[in-house]
2 protein chains.
Amino acid sequence: MPTDNHASMADVARLAGVSVATVSRALRGSPLVSAETTARVAAVAEELSFAISRAASGLARGRLGRVGVLIGSPLQTWFSGSVLDAVYARLALADVELTIFRAQDAAERDAFFTRLPVRRNVDALIVASFALTAAERNRLHSIGLPLVYLNQRVAGVPSVAIDDVDGTRQGVRTLLGLGHRRIGFVQTDLHRPGFVFSSARRVQGFHDAMDEAGVGEEDRILLVAPHPQAGDVVAQAVLSMTDPPTALAVDSDDLALNALVALDQVGIRAPRDLSVIGFDDHAHAGRMGLSTIAQPVDVLGTAAAELALTLAAGEVPEHPDVLVPTRVVLRLTTGPVPVREPR
Amino acid sequence: MPTDNHASMADVARLAGVSVATVSRALRGSPLVSAETTARVAAVAEELSFAISRAASGLARGRLGRVGVLIGSPLQTWFSGSVLDAVYARLALADVELTIFRAQDAAERDAFFTRLPVRRNVDALIVASFALTAAERNRLHSIGLPLVYLNQRVAGVPSVAIDDVDGTRQGVRTLLGLGHRRIGFVQTDLHRPGFVFSSARRVQGFHDAMDEAGVGEEDRILLVAPHPQAGDVVAQAVLSMTDPPTALAVDSDDLALNALVALDQVGIRAPRDLSVIGFDDHAHAGRMGLSTIAQPVDVLGTAAAELALTLAAGEVPEHPDVLVPTRVVLRLTTGPVPVREPR
DNA sequence: CTGTTAGCGCATTCAT
DNA sequence: ATGAATGCGCTAACAG
């Protein structure tokens with residue numbers, strides 16, 4: 001008596017007058033099944049609101065129809081959320097589910113890497129943008145699970161990454177084009193476990209652009225903020241300099257926005273007194289008019305999902321290392337070099 | 001030959017010199033297994049980096065160790081992200097996985113409700129904060145899956161919700177306490193499928209507070225913005241009034257922040273010319289100094305996860321309807337009634 | 001306390 | 001083109 005509840009393939013088979021095997025084949029679109037049978041099975045399945053049990057199907061097939069994403073920061077974060085959105089969309093097209101794994105602090109991180117709960121529970125894992133220790137990386141590689149790194153490159157592992165160096169280079173070039181020469185680069189803490197890699201590469205891009213323009217070391221001002229909320233640190237640093245930069249390229253929009261607010265409070269306005277360009281194109285950058293080096297996170301997520309699906313299917317990706325270009329978006333916080341009198 | 005790869009319970013059993021059943025029991029901490037056996041099994045499991053196959057375990061137990069969250073908006077959203085963070089944390093404590101289902105537009109919504117892919121693939125589903133049509137609700141209830149509604153109340157379904165009415169009431173009371181009488185309430189579009197319910201209740205709270213204070217209809221100004229980004233609409237509305245309100249209570253922080261920017265651009269400053277209070281305590285409210293009615297999203301998510309776990313375990317929750325209180329957070333955008341001369 | 005047996009729901013042989 | 005049989009890895013009786 002197949003009630004509305006919990007229809008299984010057996011129920012569908014009974015009602016369609018075929019065997020379970022045929023139902024299985026029909027629903028997977030096997031060419032071995034006649035068109036009419038397939039249609040009948042589909043109709044019955046629909047009527048019963050049949051939904052496949054991924055547990056059973058996965059057990060039998062050895063593939064679970066599920067991809068995991070390992071995130072190193074809170075999900076509430078702009079970056080995490082954006083990546084998840086894009087990954088979700090791509091996976092949905094392939095009818096693959098998304099399961100989240102978070103490692104936002106030492107405890108979660110430890111739990112994840114010692115227990116490796118992804119093992120045998122996803123077909124592939126996307127490791128999103130956080131720096132792994134050598135031990136963690138080894139552990140991850142030892143589990144024989146297809147891996148995709150996002151914003152992190154490791155030899156032999158498929159990855160998708162932003163071109164941090166080129167992005168920053170372009171951003172700084174833009175500042176140089178506006179006439180700035182004495183330029184500061186603000187990076188967020190070097191010991192924060194999350195985004196060290198990108199940060200280092202962005203500094204590299206900064207120097208590249210300055211090199212190109214023939215700007216000497218004396219006009220390159222490197223600042224470090226302890227965390228992305230420390231806008232006040234940036235403001236104080238600028239305020240305390242006898243010869244402050246006329247433009248600032250900042251590590252992330254998050255920090256840039258906080259810096260803008262803090263700078264405003266000490267009477268320094270952008271771009272009147274100081275040009276500011278961020279990195280990311282954070283959801284709130286638009287609202288605040290922040291010029292920025294846009295990181296197309298959706299492209300990143302989509303590409304990562306694509307790779308994960310390919311690997312999960314046991315295929316070899318054609319382009320296992322995707323480099324995603326950035327784009328400079330000029331809004332209201334960048335402008336020409338201020339005339340240094342009013343202060 | 002148990003390689004490092006893919007250790008199963010059979011491998012553990014062999015190496016520990018016991019049966020698979022014993023391994024299963026030992027790993028689940030059954031009191032039926034002797035302490036030494038349990039220890040030995042645990043040691044071997046650890047050595048082999050054994051991770052259980054949820055597919056197999058779920059199939060055998062009838063419980064999958066997985067909870068789904070259905071989200072009606074992009075995951076990148078402050079609300080979605082915050083809820084997911086809290087839900088994730090609670091589920092992780094119970095060693096339950098989190099799978100995401102998104103229904104951010106008509107297409108995804110349709111796909112979800114016609115196919116109901118959650119069916120037989122999660123132990124419980126948390127439906128986060130979006131208004132369902134009657135048909136959708138019926139469909140959902142027909143699948144015999146434990147359900148938890150978040151910020152939505154339906155008779156007979158366990159739920160966790162913010163006290164929108166009381167929250168807004170408190171917020172408006174605060175404005176009244178500052179001396180304001182002519183107060184505007186800005187709500188976001190009524191036809192947006194997402195958050196209709198909360199919006200209506202928030203209007204209710206506004207009227208309650210005004211009633212209490214004996215403020216007449218003529219001093220209650222209701223505004224509607226088409227979407228949360230339409231801060232300019234708000235600014236224009238205020239600007240165009242001959243007798244504008246001295247304070248604004250806004251539906252959401254998102255809209256309030258956009259309104260602040262737009263108001264600023266037309267020369268209206270908060271709280272000098274106009275007090276503004278938002279709703280949510282969005283991640284960026286703090287940075288912008290926005291006073292707001294804080295919605296403890298983490299509490300919401302934790303409570304929802306708790307309910308989901310209880311229901312998934314087949315138990316009956318003690319308090320199936322949780323009402324979460326809000327809290328007024330005063331920052332920089334609220335102040336006394338301006339002296340109406342300078343304009 | 002532990003092992004043996006059966007079965008969860010589906011996909012894949014192998015028959016026919 | 002379809003059905004019957006077997007097994008995926010685990011858990012839950014049932015024995016002992």
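Within every chain, numbering begins at 1; the chains are lettered A, B, ... in the order of the sequence lines, protein sequences first and strands thereafter. Computed over heavy atoms, backbone and side chain alike; hydrogens, waters and symmetry mates excluded.
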Of Gly58(A) and Ala35(B), whose closest DNA chain C nucleotide lies nearer the 5' terminus? Ala35(B)

Using a cut-off of less than 4.0 Å, is there contact between a side-chain N or O of Ser8(B) and OP1 or OP2 of dG9(D)? no

Which whole-number value in Å describes the distance from Leu32(B) CG to dT11(D) P? 14 Å

For Arg54(A), is there an ion pair with Asp95(A) - N to carboxylate O distance below 4.0 angstrom? yes

What is the distance, rounded to the nearest whole Å, between atom CZ of Arg40(B) and atom C1' of dC1(C)? 12 Å

For the pair made of CG in Asp123(A) and C1' in dC8(D), what is the distance, rounded to whole Å? 14 Å

Using atom types as modelled and distance alone, determine if a side-chain donor or acceptor of Arg102(A) lies under 3.5 Å from a backbone N or O of Tyr88(B). no

Verify, without hydrogens or angle tests, whether Arg139(B) (side chain) and Phe113(B) (backbone) share a donor-acceptor contact under 3.5 angstrom. yes

Whole-Å distance between dG3(C) C1' and Arg14(B) CZ? 16 Å

Check whether any side-chain nitrogen or oxygen of Thr22(B) sits under 4.0 Å from OP1 or OP2 of dG3(C), and answer yes or no. yes

May I ask you to evaluate whether Arg63(B) reaches the phosphate of dT11(D), defined as a side-chain N or O under 4.0 Å from OP1 or OP2? no

Just verifying a value: how many Å separate Arg66(A) CZ and Leu125(A) CG, rounded to the nearest 0.5 Å? 13.0 Å

Distance-only check: which donor-acceptor pairs under 3.5 Å involve side-chain atoms of residues 75-83 of chain A, not counting sequence neighbours?
unit_1   : atom_1 : unit_2   : atom_2 : d
Trp78(A) : NE1    : Ser82(A) : OG     : 3.4
Ser80(A) : OG     : Ser73(A) : OG     : 3.1
Ser80(A) : OG     : Pro74(A) : O      : 2.9
Ser82(A) : OG     : Trp78(A) : O      : 2.7

Below 4.0 angstrom from OP1 or OP2 of dC10(C), is there any side-chain N or O of Arg61(A)? no

Return yes if some donor-acceptor pair links the side-chain N/O of Arg40(A) with the main-chain N/O of Ala16(A) below 3.5 Å, else return no. yes

Return yes if the base of dG3(D) and the side-chain atoms of Arg25(A) contain a donor-acceptor N/O pair under 3.5 Å, otherwise no. yes

Which part of the nucleic acid, if any, lies within contact of Val18(A), taking any heavy atom under 4.0 Å across all strands shown: a base, the sugar-phosphate backbone alone, or nothing? sugar-phosphate

Spacing between Leu59(B) atom CG and dG7(C) atom P, to the nearest angstrom: 14 Å

Value in whole Å for how far the P atom of dC8(D) lies from CG of Asp11(B): 12 Å

Report yes if a side-chain nitrogen or oxygen of Ser34(A) is closer than 4.0 Å to either non-bridging phosphate oxygen (OP1 or OP2) of dT2(D); otherwise report no. yes

At 4.0 Å (heavy atoms only), tell me whether Ser57(A) reaches a base, stays on the sugar-phosphate, or touches nothing. sugar-phosphate

Rounded to whole angstroms, how far apart are CE on Met9(A) and C1' on dA11(C)? 8 Å

According to a strict under-4.0 Å criterion, is Ser24(A) in side-chain N/O contact with OP1 or OP2 of dT12(C)? no

Thr37(A) side chain near dT2(D) phosphate (N/O to OP1/OP2, under 4.0 Å): yes

Distance alone, cut at 3.5 Å: any donor-acceptor contact between the side chains of Arg120(B) and Ser8(A)? no

Side chain of Ala21(B) (C-beta onward), nearest among dA12(D), dC10(C), dG9(D): dA12(D)

Taking Thr310(B) for the side chain and Glu306(B) for the main chain, is one N or O donor matched with an acceptor at less than 3.5 Å? yes

To 10°, what angle do the rotation axes through the five end pairs on each side of the helix from dC1(C)-dG16(D) to dT16(C)-dA1(D) form? 40°

Quick check on dC8(C): is either OP1 or OP2 less than 4.0 Å from any side-chain nitrogen or oxygen of Arg120(B)? no

Leu27(B) has an atom CG; how far is it from atom P of dC10(D), in whole Å? 9 Å

